[in-house]
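Here the structure is laid out as structure tokens; the discussion comes afterwards.
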Amino acid sequence: MTSISEWYAGKNVLITGATGFMGKVLMEKLLRSCPDVNALYILVRPKAGQSMSERVQDMMKCKLFDRVREDNPDFHQKIIPISSELTQPGLAISPEDVQTLTSCINIVFHCAATIRFDEPLKHALQLNVIATQQLLSLAQQMQHLQAFIHISTAYANCNRRHIDEVIYPLPVEPKKLIDSLEWMDDSIIRDITPHLIGDRPNTYTYTKALAECVVQQESGKLNIGIIRPSIVGASWQEPFPGWIDNFNGPSGVFIAAGKGILRTMRASNDAVADLIPVDVVINLTLAAGWYTAVHRPKTALVYNCTTGGINPFHWGEIEHHVMSTFKRNPLEQAFRRPNANITSSYLIYQYWILVSHKFPALIYDLFLRLSGQKPQMMRIFNRLHKAIGLLEYFSSQDWEWNSDNMNMLMSHINKYTHCETLLNSSL
Ligand SMILES: CCCCCCCCCCCCCCCCCCCC(=O)SCCNC(=O)CCNC(=O)[C@H](O)C(C)(C)COP(=O)(O)OP(=O)(O)OC[C@H]1O[C@@H](n2cnc3c(N)ncnc32)[C@H](O)[C@@H]1OP(=O)(O)O
Ligand SMILES: NC(=O)C1=CN([C@@H]2O[C@H](COP(=O)(O)OP(=O)(O)OC[C@H]3O[C@@H](n4cnc5c(N)ncnc54)[C@H](OP(=O)(O)O)[C@@H]3O)[C@@H](O)[C@H]2O)C=CC1
């Protein structure tokens, strides 16, 4: 049997969300560990005044690609950007590009999504569900497609305590929902959103669950794999430790605590903090692509890509490590000396918000006003409170994920393949 790296040799890979956090790490790993991959086709949109090509050129300068650049200074030749806006009909891909993709792609990795917790339902549905549906219908036309890997989230079914590696049905049929929301006024959609998302905390987890159902329903004869990572953090080892490019989830909280701004947050000391490094997730994703193409499972296999069942870590321990790290390595230009605590009590939380956040912010803003500057601290705290309010659902409770498929994949790889290079960090 060939190694994973050998399997990717000569393959044409299509990646959505390549400019995002996970997409970039996926590209880097493919280019570095599977140097004989034929080409990476990436769907990219113009953004913030930059054309598609300018964005891709900028991205390739990123430090993340240093090791790839050292090995192959011409690595950019393997990256083929395709202009696409995923919220548009037909994903706004030109007929010529559709022709190219349908004739050459061997494997699809669908990473693109809106991961914002405050996204209006219509937009989250458009990107996370309808774009997935459209990508699947494009995939159905691909003549040499061997696998379609969809990136979901371990929290798609966070309304359950125990989560198996199965696709759970939803009370509302995704297609009916898509049809109904199409003609509804934005204000009506806003009003019915809480009823639709039910016991999920936000439109993100709800639309990711809908997307899984769509993947199942529209998969036809495709070989499908669904990856459900938990909270994806900075790289553990590859291409170097500690790479991250965003303030999502806990990383923003850590920085705000290190700057001495955040002093309190609602979280349970004993709840499992299911963090997983991005390089581990990407290694599993690439292995799942290989497994799906080679073993062609009859139904879509779901991989709960989580750590709590293998190596549990708790928010209380994180608080301890984060605070001691910042005391040893203080950040520059901190607002105050870092000193943050988590609490599960609503009253204690409100007390510290008042005493440690709002009161110092008022004093500081008063000082700014008196010295002729624009007050800003209260505004910063209001945004911070909104952000931590959206995160506390996830830091205050526990989930138990069954990871049999992930373990099966790992043991299978250990047994039959020589994949030290590709999977050295995840196994
Ligand atoms: C007490 C100390 C110890 C701590 C221990 C305890 C920690 C507990 C942490 C618990 C975290 C639990 C998290 C669980 C999440 C699980 C979910 C499942 C995982 C997934 O499937 S996907 C990833 C999850 N998605 C997210 O995390 C996105 C959440 N974010 C949002 O929805 C929005 O960002 C938010 C919060 C609504 C804010 O929106 P907005 O106000 O519009 O701000 P922007 O995001 O647009 O950012 C504006 C601007 O500010 C920069 N920024 C953001 N944060 C920081 C920061 N901390 N420091 C500095 N700058 C920051 C951001 O980059 C933007 O800059 P631009 O230049 O791009 O404009
Ligand atoms: N980060 C995490 O902790 C976790 C993430 N996931 C899942 O992993 C996947 C990747 O997440 P992550 O990399 O963190 O997310 P990012 O927000 O970093 O990246 C999102 C990507 O989607 C693209 N995208 C968004 N909107 C559009 C659009 N309208 N048209 C074209 N492309 C678009 C973005 O492109 P652009 O640069 O143009 O905006 C970007 O490349 C998602 O499916 C997410 O649900 C799952 C669990 C945890």
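Note that ligands are numbered from 1 as they come in the structure, with each ligand's atoms numbered from 1 the same way. Any value given below was found using the heavy atoms of this structure, including those in side chains, with hydrogens, waters and symmetry copies removed. Along the sequence shown, the residues carry numbers beginning at 1.
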Task: Structural part of Ala154 in contact with ligand 2, heavy atom criterion under 4.0 angstrom - done: neither
TODO: May I ask you to identify the nearest protein heavy atom to atom 24 (C) of ligand 1, giving residue, atom name and distance to one decimal place in Å?
DONE: Phe117 CZ, 3.4 Å
Open item on the list: Would you say atom 64 (C) of ligand 1 makes contact with the protein, given that contact here means a non-hydrogen protein atom less than 4.0 Å away?
Closed with: no
Open item on the list: Any nitrogen or oxygen of Thr153, side chain or backbone, less than 3.5 Å from one on ligand 2?
Closed with: no
Task: Electrostatic pair Arg228:Glu212 at N-O distance under 4.0 angstrom - done: yes
Task: Residue, atom name and distance, where the atom is the protein heavy atom closest to atom 4 (C) of ligand 1 - done: Val253 CG1, 3.9 Å
Open item on the list: Considering Lys259, Met22, Lys208, Arg116 one by one, which has a heavy atom nearer to atom 35 (C) of ligand 1 than any of the others?
Closed with: Arg116
Open item on the list: Side chain or backbone, does Ser230 bring an N or O within less than 3.5 Å of an N or O on ligand 2?
Closed with: no
Task: contact_flag Ala131 ligand 2 heavy-atom lt 4.0 Å - done: no
TODO: Would you kindly specify which portion of Lys208 sits under 4.0 Å from ligand 2, judged on non-hydrogen atoms: side chain, backbone, both or neither?
DONE: side chain
Open item on the list: Regarding atom 22 (O) of ligand 2: of the candidates Ser152, Ser251, Ala112, which has the closest heavy atom?
Closed with: Ala112
Task: Nearest non-hydrogen protein atom, atom 13 (O) of ligand 2 - done: Met22 N, 2.9 Å
Open item on the list: Among all the protein's heavy atoms, is there at least one whose distance to atom 41 (O) of ligand 1 comes out below 4.0 Å?
Closed with: yes
Open item on the list: Could you check whether any heavy atom of Pro229 sits closer than 4.0 Å to an atom of ligand 2, since that is the contact criterion I want to use?
Closed with: yes
